Amino acid sequence: MHFTSITITNLFSYYHENTLFLKENKQCNITVIMGRNGYGKTSFINSIKMLFIDTAEEIRRTIQRKRVPTPKQFVMGIANEWWGILNQQAKQEGETICSISASWIDSEGYYIDAKRTWDLARSHESNLRIEHSVYGLLINDEANNFLKNILPKSFLPFFFFDGEDILAIAEANDNEIIKKMELLLNIRPLENMQEALYTLSKEWKKKGKDYSVLSKLIDKEESIARQEDKKAEYKQKINDLSVNIEEYKYQLKKINRRLLWLRDYKEQESGINFKKNKKKKEKQRIEILEDLAMNWKQDAILAINPNLIKKAINKIKSISTNNKSDISTENHLINIFTTPPFSQPKLTLHQVNFYSNRIIHELNTIRRKNNIEKNFNIAILQLEHHKNSYYTDLLRKKTNNAKYLYEEIKKINNNIKSIDFLSKRKKQEYLTLLKKEDILKERIFKLESKKYINKKELDRLRHSITSSTNELRKLEKNLHIATEFRQQYDFALRLKNALEEVKKRLKIIKRKELEETYNKHLSTLLDSHGLIQKVAISEDFEISYHDQQGNEIGMSTMSAGMKQLSATALLWALKDISGREFPIIIDTPMGRIDAKHQENLLKQYYPNVGKQVILLPTDSELDERKYQLLKPSICKLYQLHNPTGRSSEIKEKKEY
Amino acid sequence: MQDNKRMTDNILEFIEVTLRELSNEYNIPKDMIPHLIVLLEQYPDTTIHGKKKALRDGLERQIDSIKNQGFLD
């Protein structure tokens, strides 16, 4: 990239339009713009910066102020603290528009014109317009992105800098500086890709579940399989039971037919009537029993049975009476120690009194607890009540009815089963068949019960299988997702690790190259007392300086001038290693450097550091002697004029 | 002095060669590597608005593509 012209209009100290023409020349690469303090050197470099980065924080920080101004404050100004970017002369004349434009040829030979304009009457925001010989017109966002691609914001400190402000780069142990270095050396793109892979893998991991789903799925499938086996077993059992039941029922049917046949026609007819009657009475009995159940109370058994009540009352009375006779027993107990037979040895009087009192105490306790007489009286009263209540009558009536119906049904059954009229042989057969009938009925009952239990179990299994199957479907769905994203997740991690290895190897190479080049350039620029023997760059691109004994030199030990030279050497090395070719613009290039080292810069650095170098020295920095040292590399010489302080002008000079 | 593009190309060449060397060890399909290099070239700086997402989307497309071709099985 090579600037062919730079135009500053009403920006900072530049009043009206000021244009710098720069030709590409293979023999010379340096353009010198000399000026005294306050004539516009810093305004010049800041204007170029603003073309590329607008009002980014890096440019706003250049204002010497406690707090960094906002973009609006920076552009429009802050009361009497800061005039803003518009040239004061232009402002006084009512102008509101200021701009910076540059034309250049890029590495592929394309022509590009870029212009950033501020119209302070409208807004503090700029408009950017780029005309590209291939891409055509680009404006604002598109244009800004284009510039960012050419010269990222983070590169600016390495190409457009103040000679004195680059001291921080010499330390270069600030993470931000290291990141910028890695970007310059093309290491950062690898990290960007790794970060992208990490983000993707996190997303895939989130979508995919972990492997535990697979084991749960297998367990669930096995569980369902076991349940299905059991279900089949139960089905088989139920089937077998059904078959047996059907067989028994068939046999029972045959027996019943035979039993009916064994009675003559007349009896069969009666049998039908008996059965009808029996059914009717059974229904009635069931109704009564249901009614009784509804009205049954806890003491109903007593209430419906007067004899039982009578017996209970008598019993209670006798217990109560016996209780009185218990009193004589108690007295007997109390006197047991004073009446024979006596123990050997005999108890002393004291012992007799002691045990007698204990017995009396215990008997009193029992009597108090039981309160037998009182409880008996209450019970008797309750029972007497039952003898006379309506409830008792009703219960008694219903139970009597139920009992009567029971007897009637029994009679009917007997009539149905009556075989008195049969011959001996047929009677025998009849009885045998009755027995068989009972046996079959019992068997059928047992089998039906078993079948019922098995059916319940089968229903439970069916329900369980349905539930397990639903869970299985869910797990399968999750597993599908897990499997699908697991592959991508694994691959993303593998690729990330591979890139880490690539980065490691690239860093090793770049670090080595940078260290070698840095040391080479530093020894070119720095040839004083040799405090710094060697510069070391760690794996993480941290820089340390070492003396001849190999001891690390603290940054505080180094003078500002040495730091500036070190930084210059580093920038030179970075530019070499990165292979990025941008114009280099240096404000106050030799401020703190002593004469001898300045010579090194003039002879070795500026002519070789880049294809286009724009220097902005003061006249004291670049006196005639130094100018002569630099002259072979100088393409153009300009002088800044700004006697009023408000209107810098750039004028070409033929000679110093 | 090499210009910007040539040095970048050299670095990308280095990355490509190294990835190919590592492809067996990390099980990366060789066919994918040129596409990765293109992404590195297109999105060197993800601080620019929209580039981070574009890089991520580009990677996702590449990985999905190799998956569909069965390279991840």
Side-chain angles (χ1 to χ4, degrees), chain A residues 1 106-108 141 144-145 147-150 152-155 179 183 185-193 195-197 199-201 203-204 484-499 501-506 509-510 575-582 608-611, chain B residues 1-29 32-33 35-73:
Chain A
M1 181 181 166
D106 70 11
S107 57
E108 290 173 29
D141 285 348
N144 278 310
N145 283 338
L147 287 184
K148 279 177 189 171
N149 270 325
I150 294 174
K153 190 171 66 174
S154 50
F155 285 7
K179 274 185 193 168
L183 185 58
L185 298 174
N186 267 336
I187 293 170
R188 193 90 191 105
L190 281 169
E191 289 187 346
N192 293 338
M193 190 170 269
E195 280 168 19
L197 284 167
T199 306
L200 280 170
S201 68
E203 282 174 16
W204 284 324
E484 182 185 353
F485 290 109
R486 189 80 206 183
Q487 290 172 326
Q488 287 144 289
Y489 169 77
D490 287 343
F491 180 79
L493 288 184
R494 286 206 304 278
L495 183 57
K496 187 169 167 280
N497 291 338
L499 291 173
E501 183 58 32
V502 172
K503 193 177 83 175
K504 226 192 292 184
R505 294 185 191 187
L506 183 62
I509 292 170
K510 289 292 174 188
K575 194 177 172 300
D576 281 354
I577 303 300
S578 73
R580 294 178 187 271
E581 190 53 58
F582 292 118
N608 297 307
V609 73
K611 284 184 181 174
Chain B
M1 186 171 311
Q2 287 173 317
D3 64 21
N4 178 25
K5 191 173 186 310
R6 285 222 306 278
M7 184 51 72
T8 306
D9 287 348
N10 282 345
I11 287 169
L12 293 176
E13 264 175 45
F14 172 85
I15 294 170
E16 186 168 356
V17 164
T18 313
L19 274 175
R20 283 188 190 281
E21 277 174 24
L22 297 170
S23 63
N24 287 339
E25 187 184 336
Y26 289 89
N27 202 11
I28 296 164
M32 190 193 186
I33 295 171
H35 298 286
L36 293 175
I37 301 303
V38 166
L39 286 172
L40 282 168
E41 197 177 11
Q42 281 177 340
Y43 309 112
D45 185 1
T46 52
T47 58
I48 299 171
H49 179 66
K51 299 298 181 186
K52 202 182 243 184
K53 188 176 181 300
L55 173 60
R56 202 197 69 192
D57 290 346
L59 271 170
E60 191 174 7
R61 274 195 297 275
Q62 289 304 319
I63 295 173
D64 282 343
S65 169
I66 59 164
K67 182 181 178 292
N68 292 335
Q69 289 170 56
F71 284 117
L72 298 187
D73 295 336

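What you see is a predicted model, and the numbers here were worked out from it, not measured in a lab. Throughout, a chain's letter reflects where its sequence line sits, starting with A, and its residues are numbered from 1.
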Original post:
How would you list, by chain and number, every residue that makes a side-chain contact (heavy atoms from CB on, under 4.5 Å) with D141(A), sequence neighbours excluded?
Top reply: none
Original post:
How many angstroms lie between atom CG of L499(A) and atom CG of L40(B), to the nearest 0.5 angstrom?
Top reply: 7.0 Å
**OP:** Determine the minimum heavy-atom distance between A196(A) and L59(B), stating which atoms define it.
**Re:** CB-CD1, 3.5 Å
**OP:** State the CG-CG distance between L19(B) and L495(A), to the nearest 0.5 angstrom.
**Re:** 7.0 Å
Original post:
Do the side chain of N192(A) and the main chain of P44(B) share a donor and acceptor less than 3.5 angstrom apart?
Top reply: yes
Subject >> Partner chain B: residue of E195(A), K148(A), R188(A) with the largest heavy-atom pair count (under 4.5 Å) >> reply: K148(A)
**OP:** Before giving the answer on side chain to side chain contact (heavy atoms under 4.5 Å, CB included), spell out for K510(A) and I11(B) the whole-Å C-alpha distance, their side-chain angles and the decisive distance to 0.1 Å.
**Re:** CA-CA 10 Å; K510(A) 289 292 174 188; I11(B) 287 169; 3.5 Å; yes
**OP:** Identify the two heavy atoms, one from F14(B) and one from V502(A), that lie closest to each other, and give their separation to 0.1 Å.
**Re:** CE2-O, 4.1 Å
Original post:
Residues two or more places apart in sequence or in another chain: which of them pass side-chain contact (heavy atoms from CB on, under 4.5 Å) with K496(A)?
Top reply: Q194(A), L197(A), Y198(A)
Original post:
So what's closer than 4.5 Å to chain B heavy atoms on I509(A): side chain, backbone, both or neither?
Top reply: side chain
Subject >> Heavy-atom side-chain contact between L22(B) and R505(A) under 4.5 Å >> reply: yes
Subject >> chain B contact via N149(A) - side chain, backbone, both or neither, heavy atoms under 4.5 Å >> reply: both
**OP:** Taking all non-hydrogen atoms of both residues into account, name the closest pair between L36(B) and M193(A) and its distance.
**Re:** O-CE, 3.5 Å
Original post:
Tell me, side chain or backbone of K51(B) under 4.5 Å from chain A's heavy atoms, or both, or neither?
Top reply: side chain
Subject >> chain B contacts, top residue of N497(A), T199(A), N145(A) (heavy-atom pairs, under 4.5 Å) >> reply: N497(A)
**OP:** Hey, could you give me the OG1/CD distance between T46(B) and E191(A), rounded to the nearest 0.5 Å?
**Re:** 10.0 Å
**OP:** Measure distances from E25(B) to the heavy atoms of chain A and classify the residue's part below 4.5 Å as side chain, backbone, both or neither.
**Re:** neither
Original post:
Does the side chain of F491(A) come within less than 4.5 Å of K67(B)'s, by heavy atoms?
Top reply: no
Original post:
For the residue pair R494(A) and N27(B), what are the closest heavy atoms and their distance?
Top reply: NH2-O, 3.3 Å
Original post:
How close do I28(B) and A498(A) get, heavy atom to heavy atom, and via which atoms?
Top reply: CD1-CB, 3.4 Å
